[in-house]
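So the structure is just underneath, and the comments pick up after that.
Excluded from the calculations below are hydrogen atoms, water molecules and symmetry mates; all remaining heavy atoms, backbone and side chain alike, are included. What you are looking at is a predicted structure, and each value in this text was computed from that prediction instead of being measured.
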Amino acid sequence: MRMKTNTILLASRPQGLPTAAQFQFETRELPEPTAGQVLLKTLYVSVDPYMRGRMSAAKSYVAPFEVGQPMAGGVVAEVVTSHADALPVGSMVVGNLPWQEYSVADAKALNRVPADKAPASYFLGLLGMPGLTAYFGLLDICQPKAGETVVVSGAAGAVGLLVGQLAKIKGCRVVGTAGSDEKVAHLKALGFDEAINYKTTPDIAQALAAAAPGGVDCYFDNVGGAITDAVYDLLNKHARIALCGQISTYNATEAPVGPRPEGKLLKTSTKLQGFIVSDYASRWPEGVQQLTQWYAEGKLKGEETITEGFDQIPAAFLGLFKGENTGKAVVKVA
């Protein structure tokens, strides 16, 4: 008799902010693993803002989730049955896998997790996709120099926390924006020079100007919206902007209308570059090696918000849009 597993499906496409109604729990049969495949037990599941885009049918840089099929994303899992010599039973792996308690996957699509280097969940955060996003977005696109000012929006999120720490490693003045006083205090404890609670600040433009009196040389944009509009007025000559995310608009039902920044970018000779971490796939080993080294040296801290329980995955995902997480949002399944 085939093994069965609990799984979470996309029940319907959201209009605006997703709700619990978009997710459906179901029990499904698993195929038997064949040559080159492994049976996996899910340990940790990553929930990430980009998944909101995949819930819509609109064309994007990655295919949308299909209604009636499992949600999927970064997962750390343990090999429980193996038909692949490279991944013996007991191996810990990371890969793009469905939201299931167990799954069958091709060994070639998985990467082994060196559990002796860091906690396993860190390979979904600091030493995984968010860490690589911060690494390449800041160091390759922004190329910060010692003494420059770096502003990070969404600074208490999985990527933003690491961007700020990387900028401090490079000797920069770092200003972050976040959505609570607790997160602001956390950013300052991590070494941010200034941090602003955008939800309680009456004039975000004035607050940013005070926090960056010498202007802004690098801006790592995770948020978009009013914060980004304010940063454009502070750009120095030859500023660099890494456009990583626009979470303030992900649930908008109409295209927001805002300032047109082209004139400001032109006058300051600013470089604005959007990017997806997969653009740097060929260089991921380089990024993981350097991030691992800095972590081992105590220069980088991994920050996580861990929710426990397979049935809590949808709630943890929805919490991203309420600012419930500090650092990487991860669900511990087993």
Side-chain angles (χ1 to χ4, degrees), residues 49-50 53 60-62 129-155 157-177 192-196 198 204-205 207-209 211-250 255-284 286-287 290-291 294:
Y50 81 86
S60 185
Y61 59 86
V62 63
M129 181 269 287
L132 293 167
T133 300
Y135 179 87
F136 289 112
L138 182 70
L139 303 185
D140 198 79
I141 295 175
C142 289
Q143 298 182 5
K145 301 173 184 65
E148 290 189 326
T149 295
V150 176
V151 172
V152 189
S153 59
V159 174
L161 271 175
L162 297 173
V163 171
Q165 292 181 72
L166 291 171
K168 292 305 296 182
I169 289 173
K170 293 298 179 179
C172 298
R173 175 180 174 80
V174 182
V175 178
T177 63
F192 282 66
D193 295 280
E194 296 288 345
I196 300 166
Y198 69 90
I204 190 66
L208 281 167
V216 175
D217 301 292
C218 302
Y219 177 42
F220 198 103
D221 189 6
N222 290 305
V223 171
I227 293 172
T228 295
D229 295 340
V231 171
Y232 282 142
D233 288 327
L234 302 174
L235 296 172
N236 289 330
K237 188 75 171 179
H238 298 298
R240 291 84 68 198
I241 301 173
L243 179 55
C244 178
Q246 297 282 281
I247 196 171
S248 69
T249 66
Y250 286 171
V257 177
R260 293 181 170 87
E262 292 84 0
K264 297 169 185 176
L265 300 177
L266 176 64
K267 291 175 183 177
T268 55
S269 301
T270 292
K271 178 180 79 170
L272 167 63
Q273 182 175 331
F275 77 104
I276 309 300
V277 68
S278 57
D279 297 342
Y280 294 90
S282 64
R283 292 175 56 195
W284 283 5
E286 164 205 330
Q290 183 61 76
L291 290 167
W294 281 330

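The only member of Thr270, Leu272, Ile227 that meets side chain to side chain contact (heavy atoms under 4.5 Å, CB included) when paired with Tyr219 is Ile227.
Glu286 CD to Leu139 CG: the interatomic distance, rounded to the nearest 0.5 Å, is 9.0 Å. The distance from atom OG of Ser269 to atom NZ of Lys237, rounded to the nearest 0.5 Å, is 3.5 Å. The CG atom of Leu243 lies 9.5 Å from the CZ atom of Phe220; values are rounded to the nearest 0.5 Å. The OG1 atom of Thr268 lies 11.0 Å from the CG atom of Leu234; values are rounded to the nearest 0.5 Å. Considering CG of Leu138 and NZ of Lys170, their distance stands at 9.0 Å, rounded to 0.5 Å. Separating the NZ atom in Lys145 from the CZ atom in Arg240 is a distance of 4.5 Å, to the nearest 0.5 Å.
A pairwise comparison of heavy atoms in Tyr135 and Gly287 identifies CE2-CA, 3.8 Å as the closest pair. In terms of heavy-atom proximity, Pro144 sits nearest to Val150 at CB-CG2, 4.2 Å. Listed here is the closest heavy atom pair of Phe275 and Gly137: CZ-CA, 3.4 Å. Closest approach of Val277 to Trp284, counting heavy atoms only: O-NE1, 3.2 Å. In this structure, Ala155 and Gly176 approach most closely via the heavy-atom pair CB-CA, 3.7 Å. Minimum interatomic distance between Val175 and Ala211 (heavy atoms only, all atoms of both residues): CG2-O, 3.6 Å.
The aromatic rings of Phe136 and Tyr280 lie parallel to each other, with less than 30° between the two planes, well short of the 60° mark.
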Chi angles and distances behind the side chain to side chain contact (heavy atoms under 4.5 Å, CB included) call for Val159, Val152: CA-CA 10 Å; Val159 174; Val152 189; over 6 Å; no

From CA spacing to verdict: side chain to side chain contact (heavy atoms under 4.5 Å, CB included), Leu208, Val216: CA-CA 9 Å; Leu208 281 167; Val216 175; over 6 Å; no

Asp193 and Lys168: CA distance, side-chain angles, deciding distance, side chain to side chain contact (heavy atoms under 4.5 Å, CB included) verdict: CA-CA 9 Å; Asp193 295 280; Lys168 292 305 296 182; 2.9 Å; yes

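Side-chain contact check for Ser153 and Asp221: at least one donor-acceptor pair (N or O, by modelled atom type) lies under 3.5 Å.
You'll find the side chain of Leu235 reaches within 4.5 Å of the side chain of Ile241, heavy atoms only. Proximity of Asn236 to Thr149: side-chain heavy atoms (C-beta onward) are nowhere separated by under 4.5 Å.
Partners of Lys267 according to the side chain to side chain donor-acceptor pair (under 3.5 Å) rule, which considers only residues two or more places apart in sequence or in another chain, do not exist here.
With a 6.0 Å radius and a threshold of 12 heavy atoms from other residues, nucleotides or ligands, Lys271 has its NZ atom above the threshold.
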